[in-house]
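Worksheet for the structure shown next.
Reminder, nothing fancy here: chain letters follow the sequence lines and each chain counts from 1.
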2 protein chains.
Amino acid sequence: MSANHDIDTLIDMMAKLPGLGPRSARRAVLHLIRKRELRMTPLAQMMQTVAANARECANCGNIGNAETCDICADAARADGTICVVEDVADLWAMERAAVFKGRYHVLGGTLSALDQVGPEELRIPQLIGRIAVEDITEVILALGATVDGQTTAHYIADHLDGRVRLTSLAQGVPIGGELDYLDDGTITAALTARKVL
Amino acid sequence: MSANHDIDTLIDMMAKLPGLGPRSARRAVLHLIRKRELRMTPLAQMMQTVAANARECANCGNIGNAETCDICADAARADGTICVVEDVADLWAMERAAVFKGRYHVLGGTLSALDQVGPEELRIPQLIGRIAVEDITEVILALGATVDGQTTAHYIADHLDGRVRLTSLAQGVPIGGELDYLDDGTITAALTARKVL
């Protein structure tokens with residue numbers, strides 16, 4: 001549409017990124033072309049660098065630059081506690097909260113009969129292996145409060161039966177949440193898990 | 001937040017693109033890292049190619065790979081008619097409609113007292129120059145129906161006084177538009193410019 005094959009190809013590539021469509025891809029590419037020395041070249045170079053260096057941590061599944069990721073290699077972090085997350089994005093979200101100081105294990109998804117994702121497709125065997133080898137005292141299941149997330153949590157709970165302390169994130173009213181806007185399930189969960197003040 | 005400096009830098013760069021924020025940038029980068037050979041490397045390479053080759057057409061202001069853009073160089077396109085647009089994005093939108101077969105002139109913005117954009121900041125002198133040199137019979141002002149767009153249209157009209165036929169895009173009900181959802185200005189414009197059936 002730009003009467004230029006390379007620019008069209010670039011727009012098509014950008015439009016395939018999650019969260020972008022043809023229109024926002026055109027805007028982004030036009031913006032980059034306008035600032036090609038200041039923005040486009042450095043962005044392309046950084047993309048090349050990350051593409052060349054990024055790799056999955058062999059231990060936890062996080063993304064890093066080495067065989068073992070920064071978190072697994074960090075001696076300052078508490079051993080003994082593993083926080084199990086579905087995805088690297090969830091690990092990043094936990095790190096932004098900056099409240100958890102233990103180790104992570106990224107499953108790479110959730111069990112899903114519909115999508116034919118079984119335990120072997122996820123990093124569940126590796127998790128069970130880590131619990132056997134590392135000196136783990138607590139496994140925190142930080143999985144999504146979805147059907148698939150909870151199925152996965154139950155599956156892991158069944159396979160760890162009593163070997164470690166198993167916990168999951170609390171469910172309830174989110175901070176800043178107004179009751180009027182919450183769904184029935186959340187209100188039920190919050191009421192069931194009510195606390196004595 | 002990803003405990004990896006390069007990935008964080010890449011996310012920050014992506015988050016600065018129009019239409020993307022920190023959250024969508026993280027999603028996009030994670031998606032790219034997962035498909036780094038299939039998606040990320042080709043995208044980075046295409047970005048480098050475009051950054052190295054893209055340039056503004058000296059004649060019309062469109063973006064192309066050469067001193068003169070593909071549209072200006074295309075002998076099959078009708079000389080004699082220039083469609084004046086604010087921006088390259090508008091030129092692309094006109095080309096997608098595939099109805100206009102003449103030449104273009106990209107102003108690079110609109111006159112704006114507030115942003116201190118005067119005629120010299122835009123490509124208005126070049127437009128007047130082209131009308132003097134090229135054999136132009138009609139100038140179509142395809143500028144936005146905004147205050148700044150219309151101010152710019154009036155300014156150009158004043159400076160071309162009768163030298164060429166000057167037209168502007170029709171204003172009215174957009175195709176698929178429902179009256180109930182249209183603003184008063186559009187309804188007024190559509191009623192004023194009503195046609196005999």
Side-chain angles (χ1 to χ4, degrees), chain A residues 1-14 16-21 23-37 39-56 62-65 69-71 74 87-89 91-93 95-96 98, chain B residues 1-14 16-21 23-37 39-56 62-65 69-71 74 87-89 91-93 95-96 98:
Chain A
M1 284 313 161
S2 70
N4 181 309
H5 187 255
D6 285 348
I7 296 176
D8 283 345
T9 310
L10 182 58
I11 291 171
D12 286 347
M13 284 172 159
M14 291 286 285
K16 285 196 186 110
L17 294 180
L20 283 155
R23 206 188 133 70
S24 45
R26 280 196 300 270
R27 273 186 71 200
V29 168
L30 212 48
H31 170 88
L32 283 172
I33 290 174
R34 286 207 192 94
K35 309 204 164 178
R36 45 191 178 277
E37 260 136 66
R39 290 279 169 82
M40 201 177 199
T41 310
L43 176 58
Q45 282 164 350
M46 189 49 75
M47 238 179 230
Q48 293 273 29
T49 308
V50 171
N53 298 334
R55 51 189 299 184
E56 218 175 57
N62 185 19
I63 286 164
N65 282 340
C69 76
D70 292 351
I71 294 176
D74 187 352
D87 210 345
V88 175
L91 187 158
W92 290 356
E95 283 296 284
R96 280 199 300 280
Chain B
M1 284 310 160
S2 70
N4 182 309
H5 186 257
D6 285 348
I7 295 176
D8 284 344
T9 311
L10 182 58
I11 291 171
D12 286 347
M13 286 171 157
M14 291 286 285
K16 285 196 187 109
L17 294 180
L20 281 154
R23 206 188 132 71
S24 44
R26 280 197 299 271
R27 271 185 72 201
V29 168
L30 211 50
H31 170 87
L32 284 171
I33 290 175
R34 287 207 192 93
K35 308 202 164 177
R36 46 190 177 276
E37 261 137 67
R39 290 278 168 83
M40 201 177 201
T41 310
L43 175 58
Q45 283 164 351
M46 189 48 77
M47 239 178 230
Q48 294 274 30
T49 307
V50 171
N53 298 336
R55 51 187 302 182
E56 218 174 55
N62 184 19
I63 286 165
N65 282 342
C69 76
D70 293 353
I71 293 176
D74 187 352
D87 208 346
V88 176
L91 188 158
W92 292 355
E95 284 297 283
R96 280 198 301 282

Contact part of A/N53 toward chain B, heavy-atom cut-off under 4.5 Å: side chain, backbone, both or neither?
side chain
Please give me the minimum heavy-atom distance between B/A28 and A/P18, naming the atom from each residue.
CA-CG, 4.0 Å
The interface call for A/E37 against chain B, heavy-atom contacts under 4.5 Å, is neither
Between CD1 of B/I11 and CH2 of A/W92, what distance do you get to the nearest 0.5 Å?
4.0 Å
So which residue, A/D74, A/L20, A/T41, ends up with the most heavy-atom pairs under 4.5 Å with chain B?
A/L20
B/R23 versus chain A, heavy atoms under 4.5 Å apart: side chain, backbone, both or neither?
neither
Check A/R36 against B/A51 and note the closest heavy-atom contact, atom names and distance.
CD-O, 3.4 Å
Rounded distance (nearest 0.5 Å) linking atom CE of A/M46 with atom CG of B/D12:
10.0 Å
Would a 4.5 Å heavy-atom cut-off, applied to side chains only, mark B/R39 and A/M47 as touching?
no
Can B/L30 and A/I63 be said to form a side chain to side chain contact (heavy atoms under 4.5 Å, CB included), step by step?
CA-CA 9 Å; B/L30 211 50; A/I63 286 164; 3.8 Å; yes
Indicate yes or no: does A/R34 engage B/D87 in a salt bridge with an N to O separation below 4.0 Å.
yes
What's the separation between atom CG in A/L10 and atom CD in B/Q48, rounded to the nearest 0.5 Å?
11.0 Å
Side chain, backbone, both or neither: which part of B/L43 has an atom under 4.5 Å from a heavy atom of chain A?
both
Please identify, among A/V29, A/T49, A/I33, A/T9, the residue contributing the most non-hydrogen atom pairs under 4.5 Å to chain B.
A/I33
Could you tell me which portion of B/K16 (side chain, backbone, both or neither) has an atom closer than 4.5 angstrom to a non-hydrogen atom of chain A?
both
